[in-house]
Protein chains: 2
Amino acid sequence: MKRAKKKAFSDFIAQKGLKSTRQRDIILDFFLSSAQHMSLEDLYLKLRAKHPGIGYATVYRTLKLFAESGIAREIQFGDGQTRYEHVTEGEHHDHLVCTRCGAIAEFENETIEKLQDEVAAAYGFLIETHKLELYGLCAKCRSK
Amino acid sequence: MKRAKKKAFSDFIAQKGLKSTRQRDIILDFFLSSAQHMSLEDLYLKLRAKHPGIGYATVYRTLKLFAESGIAREIQFGDGQTRYEHVTEGEHHDHLVCTRCGAIAEFENETIEKLQDEVAAAYGFLIETHKLELYGLCAKCRSK
DNA sequence: GGCAAACTTGAAAGTGATAATCAATTACAA
DNA sequence: TTGTAATTGATTATCACTTTCAAGTTTGCC
């Protein structure tokens with residue numbers, strides 16, 4: 001899992017004529033072992049605790065590279081923060097976002113995806129990506 | 001339609017203890033007869049052509065009021081611009097967004113909505129709103 | 001109509017997150 | 001080792017809002 005992503009990223013780096021650096025290695029390691037849906041700010045602050053020398057701009061640029069290489073995806077939940085999600089090949093999921101506590105759960109539903117394809121077909125539309133988010137109260141917040 | 005929304009907005013204004021002004025009337029008229037999914041920038045520039053005296057901040061604040069009153073809704077398609085959609089009571093639709101030309105089409109699908117409810121129920125989640133967008137190429141852009 | 005209080009307006013300044021700049025540093029092929 | 005192209009980190013710029021504030025309007029009340 002982690003191995004595969006490290007390989008995917010180093011392949012990307014090589015193929016683009018970019019370089020392997022200490023900072024990129026550190027940020028990649030950190031990203032791969034961190035939680036889903038961390039924002040740039042989150043990641044930078046936590047990373048800085050262990051590696052004070054790494055600058056904000058470097059983290060920013062490196063996360064963009066992760067997204068470009070396909071091992072991460074940028075997502076927005078409308079709170080003004082770009083978050084980074086781990087991407088596993090061939091897998092797609094959507095989100096349940098708690099508007100009270102901010103918790104994010106993931107789900108997959110093949111039937112919905114199929115219906116989306118039908119809608120697109122009806123419009124002669126070719127889907128590249130989609131975004132489905134359900135906003136509301138999670139079980140914990142509801143019970144309070 | 002337009003009548004109903006004007007009434008809805010003036011009721012909102014009255015109920016909130018706000019005032020009826022020339023600017024709000026102009027912006028409301030303009031908004032109600034403009035296209036769906038206009039951004040603040042779009043609306044301001046087009047409006048300014050007819051009414052040079054109206055300031056950006058006023059358009060901004062008034063659109064926020066429209067959203068608060070329920071006659072408009074803010075939506076984001078990931079291009080960094082907040083857009084304003086006309087809201088018709090009891091109606092909900094989702095979007096097809098062309099990544100080439102920016103065209104936006106709307107669709108409704110009750111089966112998808114029902115499946116969303118099922119997903120939410122499985123997680124003990126209470127849906128307040130949802131967001132479903134299909135990104136890709138519209139029929140026109142595909143045929144080129 | 002005249003007034004005072006409260007709300008609005010428009011211009012300008014402020015914010016917060018993202019993106020670009022640049023001199024100094026580092027990686028890597030030859 | 002060396003030349004050169006990429007990278008880094010600090011700083012500055014940008015972008016799209018968002019707020020501030022002095023001057024102008026609206027509205028209820030006499």
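Worth saying up front: this structure is predicted, and the values here are computed from it rather than measured.
A side-chain donor from one of B:Glu85 and B:His95 sits under 3.5 Å from a side-chain acceptor of the other. Under 3.5 Å, the side chains of A:Thr62 and A:Gln23 contain no donor-acceptor pair of N or O atoms.
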* Base, backbone or nothing for each nucleotide of nucleotides 18-30 of chain C, written B, S, -, heavy atoms under 4.0 angstrom, 5' to 3'? -> BBBB-----BS--

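Rounded to a whole Å, the CD1 atom of B:Ile26 is 10 Å from the P atom of C:dT9. The CG-P distance, from B:Leu63 to C:dT9, rounds to 12 Å in whole Å. Going from atom NZ of A:Lys16 over to atom P of D:dA5 covers 18 Å, rounded to whole Å. Put simply, CD1 on A:Ile54 is 9 Å from P on D:dT8, counting in whole angstrom units. Rounded to whole angstrom, the span from the CG atom of A:Leu47 across to the C1' atom of D:dG9 amounts to 14 Å. Remark: P of C:dC7 and CZ of B:Phe12 are 14 Å apart, rounded to the nearest angstrom. In this structure, A:Leu65 places its CG atom 13 Å from P of D:dA6, rounding to the nearest Å. As rounded to whole Å, 12 Å separates atom P of D:dC17 from atom CG of B:Leu45.
Panel note: side chain B:Lys131, backbone B:Ile75; no donor-acceptor pair is recorded below 3.5 Å.
Within 6.0 Å of the CD atom in A:Glu89, the count of heavy atoms belonging to other residues, nucleotides or ligands does not exceed 12.
For the pair B:Arg24 and D:dT26, the criterion of a side-chain N or O lying under 4.0 Å from OP1 or OP2 is not met.
Side chains of A:Glu128 and B:Leu137 form a contact here, defined as non-hydrogen atoms less than 4.5 Å apart.
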Show me the donor-acceptor pairs within less than 3.5 Å that the side chains of residues 112-123 of chain B make with the rest of the protein, sequence neighbours left out.
| from | atom 1 | to | atom 2 | distance (Å) |
| --- | --- | --- | --- | --- |
| B:Glu113 | OE2 | B:His130 | NE2 | 3.3 |
| B:Gln116 | OE1 | B:His130 | ND1 | 3.2 |
| B:Tyr123 | OH | A:Glu106 | O | 2.8 |

